[in-house]
Every structure is written in structure tokens, then in C-alpha cells.
Amino acid sequence: MPKPLSLSFDPIARADEHWRQRWGAVPSMAAITSIMRAQQILLSEVDAVVKPYGLTFARYEALVLLTFSRSGELPMSKIGERLMVHPTSVTNTVDRLRSAGFVTKRPNPNDGRGTLAAITPKGREVCEAAGKDLMAMDFGLGAYDDETLDEIFRLLRPLRVAAGDFTEDAGEQPRPPQRPEE
């Protein structure tokens, strides 16, 4: 968990004030700084939850992705595409998961140069337990109600479209996140 700063002022708001005085209003500066700080806070919080399982959030995401596949295995290239990370990062992530006994790797019979990663029973158990813990702490977003979380999802979607993650007309309707019924 990140160490609380316990400042008597908002450092991002202060930086925004200084920015305005020097260069004029640039709302994107305060927004990006807030997003980057939020990312630091959230990553620290979720990594602290999955660390006892021998995971990082990135490794947890890879396990979850494998559980979503019909057969529990995917080509490494597909993992990288779905997680939106560089092939080198996928290799590192999967190799660490394999070292922990959470996945196996084997040649892809449909692609002579490719490799398949498959989740193991131990990987499924760890993924399930870590997932329950992450849901219990609302993935670090417990400060927000469901309506606000839906709005955050909607607000960030155009940024992801503009980055080329997917096209707006990809055939799917934007679905806001929903919490499981209790």
C-alpha cells in the first residue's frame, strides 16, 4: 500500500495553480497527473492484495485471461493482444507464472513458431482466491459508488478508442462495469 502523504494541501491542485500562473490554464496537466497518481495508488493496493499468492496484478490478469478461455490455454501472442502488452512482457509474465506452477507452456500445434500457455489447477485455485480478495476490496476503488464507477469507465473509453485499442464500431455496445449481486 502506498504510504499516505498526509499533506495539508493537494499537491496536484497546487501544481495546477503554478502551471496556470506560468503558462495559463491547461486542464489536461492536472488530469494526467491525477490519473498517473491514481494508477500508482491502485497498482500498489492491488499488488499488496495479490502478493501473498505470489502474484503481481499483471500476473493475476494473465491467469484470469486464461480462465476465460474455453480450454484454459491461449497462444502467447493472443495473451499479449488481450492484455495490451508487449510480447517481451508476456514472456516474462508467463515464465514467472510457470516457475510458480500456475501455468505450463507447450508448442502451439497450429503454429510451428508459437507457444501456448495453459493454466494449471494450482493456477486456477490461486486465481480464484486472489480474485475473491480483490473483489472484497473493490479493486481499490471502494471510495466510489457504482454510478461513479460506470462514469469512470465511460469517461476513459474515448481515450482507449483514440489510442487504437479498438474501434467504436467494433460491434459491441459499451457495457459499464457491474458488481455481482450480493
Side-chain angles (χ1 to χ4, degrees), residues 1-6 34-106 108 115-157 159-160 163 165-166 170 172-182:
M1 305 270 181
K3 181 181 176 224
L5 299 176
S6 302
S34 293
I35 291 168
M36 298 302 270
R37 178 60 180 144
Q39 190 267 348
Q40 291 171 344
I41 293 166
L42 293 171
L43 189 57
S44 178
E45 289 182 6
V46 297
D47 274 349
V49 169
V50 298
K51 185 177 181 177
Y53 298 101
L55 298 172
T56 61
F57 190 65
R59 291 180 208 152
Y60 169 76
E61 287 181 303
L63 288 178
V64 169
L65 181 62
L66 290 170
T67 68
F68 290 164
S69 70
R70 281 188 283 271
S71 62
E73 65 182 10
L74 288 170
M76 298 280 282
S77 59
K78 187 69 71 176
I79 294 170
E81 177 185 296
R82 298 277 168 81
L83 295 180
M84 301 167 279
V85 297
H86 190 274
T88 304
S89 295
V90 175
T91 299
N92 181 291
T93 296
V94 170
D95 285 348
R96 294 197 182 238
L97 289 170
R98 186 184 67 194
S99 294
F102 300 150
V103 301
T104 59
K105 285 171 62 172
R106 67 181 178 95
N108 185 344
T115 302
L116 292 173
I119 192 166
T120 64
K122 181 180 177 183
R124 286 185 187 278
E125 288 175 26
V126 163
C127 184
E128 186 72 23
K132 286 180 182 177
D133 288 350
L134 287 167
M135 287 186 288
M137 55 88 76
D138 285 326
F139 288 86
L141 293 166
Y144 300 104
D145 61 23
D146 288 355
E147 184 177 306
T148 304
L149 291 170
D150 292 346
E151 184 65 14
I152 291 169
F153 176 79
R154 283 191 294 275
L155 286 170
L156 294 175
R157 185 180 171 89
L159 179 68
R160 298 183 303 122
D165 285 355
F166 57 95
E172 56 191 48
Q173 292 298 316
R175 285 185 43 122
Q178 296 179 347
R179 294 180 196 224
E181 296 297 320
E182 296 185 42

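Position 1 is the first residue of the sequence; numbering continues from there.
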Say you draw a straight line from [atom1] of [X] to [atom2] of [Y]; how long is it, rounded to the nearest 0.5 Å?
X	Y	atom1	atom2	value
F68	I119	CZ	CD1	10.5 Å
D150	L155	CG	CG	11.0 Å
Y53	L63	OH	CG	12.5 Å
N92	H86	CG	NE2	12.5 Å

Could you pull out the closest heavy-atom pair between [X] and [Y], with the gap in Å?
X	Y	result
V50	T56	CG2-C, 3.5 Å
I79	V90	CG2-CG1, 3.9 Å
R124	G72	NH2-CA, 3.6 Å
V49	P52	O-CD, 3.3 Å
P75	L116	N-CD2, 3.4 Å
G101	T120	O-OG1, 2.7 Å

Above 12 or not: heavy atoms from other molecules or residues under 6.0 Å from [atom1] of [X]?
X	atom1	result
E151	CD	yes
K105	NZ	yes
Q39	CD	yes

Between the side chains of S44 and D47, does any donor sit under 3.5 Å from an acceptor?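 There is no such pair (donor and acceptor under 3.5 Å, judged by atom type) between the side chains of S44 and D47.
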
For T148 and D145: C-alpha separation, side-chain torsions, deciding distance, then whether side-chain hydrogen bond (donor to acceptor under 3.5 Å, both in side chains) applies. CA-CA 5 Å; T148 304; D145 61 23; 2.7 Å; yes

Where does the angle between the aromatic ring planes of F57 and F139 fall among parallel (under 30°), tilted (30 to 60°) and perpendicular (over 60°)?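 Aromatic pair F57/F139 classed perpendicular.
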
Does some side-chain heavy atom of V85 sit less than 4.5 Å from a side-chain heavy atom of E61?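 SC-SC contact between E61 and V85 ruled out.
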
Validation row: Y60, V46 side chains within 4.5 angstrom (heavy atoms):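 No - every pair of side-chain heavy atoms lies 4.5 Å or more apart.
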
So, the side chain of K122 versus the backbone of A100: is there a donor-acceptor pair under 3.5 Å, distance only?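 Answer holds: yes.
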
For M137, the option from L141, D133, L134 that meets side chain to side chain contact (heavy atoms under 4.5 Å, CB included):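 So, applying the side chain to side chain contact (heavy atoms under 4.5 Å, CB included) to M137 and each of L141, D133, L134, only L134 qualifies.
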
